[in-house]
Amino acid sequence: MSDFENLSGNDKELQDFLMIEKQKAQVNAQIHEFNEICWEKCIGKPSTKLDHATETCLSNCVDRFIDTSLLITQRFAQMLQKRGGSGDL
Amino acid sequence: MAAGNMEKGELMSQVKQQIALANAQEMLSKMTEKCFKKCIQKPGKALDNTEQRCISQCMDRFMDAWNLVSRTYGNRLQREQYRSMQAVDMTN
């Protein structure tokens, strides 16, 4: 991507375009990651359709994973504050 | 690949194509891994009918799961955006 960043230096339209495409790609990468994790948690034997319980599991899985990520970020920040930058972790 | 030699529209179109291709490759790679795990227990000399049917169903379920995960994530992003906008309103 760094070649593109050099090229787009003077071009606002190109810069905006690349930023949007990068964000879209990041969202997609995130979806792949969620699908990876939640497939393992929720899918048993593949059948003719996703039943209601499986759909609920997948949906909850995504939200709980995000909640977990937010919680860990919060508490980790608190942990760092408590240690007061003592250097050792 | 100098920008001067290529129309900007052409460049933008190529970038979109490459990103779409990378996404499709990731999708196929994951699908193959997951469905092999689900459907092939004891690898034999060929894929039998049961295994082939399982793989076919698994592919469809994988896409269903991907779409559901995608929708759930999109909804969550919207909710978080809405929540953060409300927080800004409250401070005004």
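A, B, ... follow the sequence lines: proteins, then strands. Residue 1 opens every chain.
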For this session: Search all heavy atoms of B/Tyr73 against all heavy atoms of A/Val27 and return the closest pair with its distance.
Result: CE2-CG1, 3.9 Å
Exercise. Can you name the nearest heavy-atom pair linking B/Lys38 to A/Gly44, along with the distance?
Worked result: NZ-O, 2.9 Å
Problem set entry | Nearest heavy atoms of A/Ala25 and B/Ile19, plus distance in Å | CB-CG2, 4.4 Å
Problem set entry | Close side-chain approach of A/Pro46 and B/Met59, heavy atoms under 4.5 Å | no
Exercise. Side chains of B/Glu26 and A/Asn28: closer than 4.5 Å at any heavy-atom pair?
Worked result: no
Exercise. Name the one of B/Lys34, B/Lys30, B/Met31 that satisfies side chain to side chain contact (heavy atoms under 4.5 Å, CB included) with A/Trp39?
Worked result: B/Lys34
Problem set entry | Co-membership, hydrophobic cluster, residues B/Met63 and B/Leu28, 4.5 Å side-chain | no
For this session: Let me know if A/Leu70 has heavy atoms under 4.5 Å from chain B in its side chain, its backbone, both or neither.
Result: side chain
For this session: Run the numbers on B/Val15 and A/Phe17 for side chain to side chain contact (heavy atoms under 4.5 Å, CB included), then give the verdict.
Result: CA-CA 10 Å; B/Val15 168; A/Phe17 165 78; 4.0 Å; yes
Problem set entry | Full working for salt bridge (charged side-chain N to carboxylate O under 4.0 Å, His left out) between B/Asp64 and A/Lys49 | CA-CA 8 Å; B/Asp64 290 342; A/Lys49 70 180 194 79; over 6 Å; no
Problem set entry | Residue part contacting chain A, namely of B/Arg53, when any heavy atom lies under 4.5 Å | neither
Exercise. How far apart are the closest heavy atoms of A/Glu21 and B/Lys16, and which atoms are they?
Worked result: OE2-CE, 3.7 Å
Seminar exercise, completed: The interface call for A/Glu40 against chain B, heavy-atom contacts under 4.5 Å, is side chain
Problem set entry | Validation row: A/Ile43, B/Arg61 side chains within 4.5 angstrom (heavy atoms) | no
Problem set entry | B/Arg71/A/Ser59 under side chain to side chain contact (heavy atoms under 4.5 Å, CB included): CA gap, chis, key distance, verdict | CA-CA 9 Å; B/Arg71 272 200 314 274; A/Ser59 182; over 6 Å; no
Problem set entry | Heavy-atom pair of closest approach, residues A/Ile31 and B/Ser70 | CD1-OG, 3.5 Å
Problem set entry | From CA spacing to verdict: side chain to side chain contact (heavy atoms under 4.5 Å, CB included), B/Thr72, A/Phe34 | CA-CA 10 Å; B/Thr72 306; A/Phe34 292 150; over 6 Å; no
Exercise. Above 12 or not: heavy atoms from other molecules or residues under 6.0 Å from CD of A/Gln23?
Worked result: yes
For this session: Side-chain contact test, heavy atoms from C-beta onward, threshold under 4.5 Å: evaluate it for A/Glu36 versus B/Glu33 and give yes or no.
Result: yes
Seminar exercise, completed: Bottom line for B/Asp60: the part with an atom under 4.5 Å from chain A's heavy atoms is neither
Seminar exercise, completed: Output for pair (A/Glu55 CD, B/Leu68 CG), nearest 0.5 Å, gives 5.5 Å
For this session: Please examine the side chains of A/Asp63 and B/Arg79, heavy atoms only from C-beta on, and report whether any two atoms are closer than 4.5 Å.
Result: yes
Exercise. Within a strict 4.5 Å, meaning less than it, do heavy atoms of the B/Met12 and A/Leu18 side chains meet?
Worked result: no
Exercise. Any idea which of A/Leu50, A/Leu58, A/Thr54 has the most non-hydrogen atom pairs under 4.5 angstrom with chain B?
Worked result: A/Leu50
Problem set entry | Verify same cluster id: B/Leu47, B/Phe36 (apolar side-chain graph, 4.5 Å) | yes
